[in-house]
Amino acid sequence: GDLTQQLYPKVGFSSWEEIGIELKNQHELRLSHRSTYEIMMFANKILGKETYKIDTTQASEVTRLGIKPHIRPFINHEQELKFIGETIIAIRRREPKASIVITHAVRKKLDFILTKLRANGICCYKAFGSDFEFSSKVTVTTMHQVKGLEYDYVFITDLSELFEQRHIDNKKYLFYVNVTRAQKEL
């Protein structure tokens, strides 16, 4: 896997042998097939020089090119969600079956996001724990919940709130994980 995700650095194991599994003919994955070059370059910048301390897939080993990630400032969360709603409508016209996720750092904000999106005619649902539908509906969830998943389009909302949360550890790794969920566009 991608060792730079390190959301829980004290949990897990460093080798299969450590847990009693002997693998033969094991191959190290050196190419990123999930995200585009542009998304991985952005993700690597989030971690800065720390990216290079760990043996990991680097952006130069990404197999696809795409659109550079968009970072947009908004006056408030409502303006941000209006923009996201309009963007989702445009995506749905081009790609009706595209997988789309909207993440937020705080679980209590998910209902507000759902309400605003539904008011704009977006078919969406809140996913938490085992509630993921993997359907054509837009997924709305927390940043922690998307680890291990991938979506065509990823929207990370109210990013400033992530860095204001004192109870969330490893913020830049959580941000990195969310960025690298995007297959096509961030």
Say you draw a straight line from NE2 of His104 to CG of Leu162; how long is it, rounded to the nearest 0.5 Å?
9.5 Å
CA sep, side-chain torsions, deciding dist, call: Ile39, Val179, side chain to side chain contact (heavy atoms under 4.5 Å, CB included):
CA-CA 7 Å; Ile39 290 169; Val179 166; 3.9 Å; yes
Name all residues meeting the salt bridge (Lys or Arg N to Asp or Glu O under 4.0 Å) criterion together with Lys171; count only those two or more places apart in sequence or in a different chain, and write none if there are none.
none
Between the OG1 atom in Thr157 and the CD1 atom in Ile113, the distance rounded to the nearest 0.5 Å is 4.0 Å
With sequence neighbours excluded, give me every salt bridge (charged side-chain N to carboxylate O under 4.0 Å, His left out) pair touching residues 67-81.
Glu78-Lys116
So for atom CZ, which belongs to Arg118, do other residues, nucleotides or ligands contribute more than 12 heavy atoms lying within a distance under 6.0 Å?
yes
To the nearest 0.5 angstrom, please state how far the CD1 atom of Ile156 sits from the CG atom of Leu186.
5.0 Å
Nearest heavy atoms of Ile91 and Ala98, plus distance in Å:
CG2-CB, 4.1 Å
Which heavy atom of Lys126 sits nearest a heavy atom of Asp111, and at what distance?
NZ-OD1, 3.0 Å
Can you find a heavy atom in the side chain of Phe155 that is under 4.5 Å from one in the side chain of Val138?
no
Going by the rule side-chain hydrogen bond (donor to acceptor under 3.5 Å, both in side chains), which residues pair with Ser99 if we only count those two or more places apart in sequence or in a different chain?
Asp152
Is the backbone N or O of Tyr151 less than 3.5 Å from a side-chain atom of Arg181, with the two atoms forming a donor-acceptor pair by type?
no
With side chains defined as the heavy atoms from C-beta onward, is the minimum distance between Ser136 and Lys97 less than 4.5 Å?
no
Which atom names give the shortest non-hydrogen contact between Gly85 and Ile122, and what distance separates them?
O-CD1, 3.6 Å
Identify, with sequence neighbours excluded, every residue that meets side-chain hydrogen bond (donor to acceptor under 3.5 Å, both in side chains) alongside Asn120.
none
So which heavy atom on Ala127 is nearest to which on Thr141, and how close?
O-OG1, 2.6 Å
Pairs involving residues 81-93, ordered by first then second residue, that meet side-chain hydrogen bond (donor to acceptor under 3.5 Å, both in side chains) (sequence neighbours left out):
Lys82-Glu86
Any donor-acceptor pair under 3.5 Å from Ser35 side chain to Thr180 backbone:
yes
Nearest heavy-atom contact between Val154 and Asn178 is CG1-O, 3.7 Å
The criterion is salt bridge (Lys or Arg N to Asp or Glu O under 4.0 Å); which residues satisfy it with Glu164, sequence neighbours excluded?
none
Which pair of heavy atoms, one from Val177 and one from Lys147, lies closest together, and at what distance?
CG1-CA, 3.9 Å
Which pairs count as ring-ring contact (aromatic ring centres under 6.0 Å, His included) when at least one residue sits in residues 109-131, sequence neighbours excluded?
His77-Phe112
Whether Gln145 side chain and Gly129 backbone form a donor-acceptor pair below 3.5 Å
yes
Residue set satisfying side-chain hydrogen bond (donor to acceptor under 3.5 Å, both in side chains) with Glu185, at least two apart, ordered chain then number -> His70
Asp131: salt bridge (Lys or Arg N to Asp or Glu O under 4.0 Å) partners, not counting sequence neighbours
none
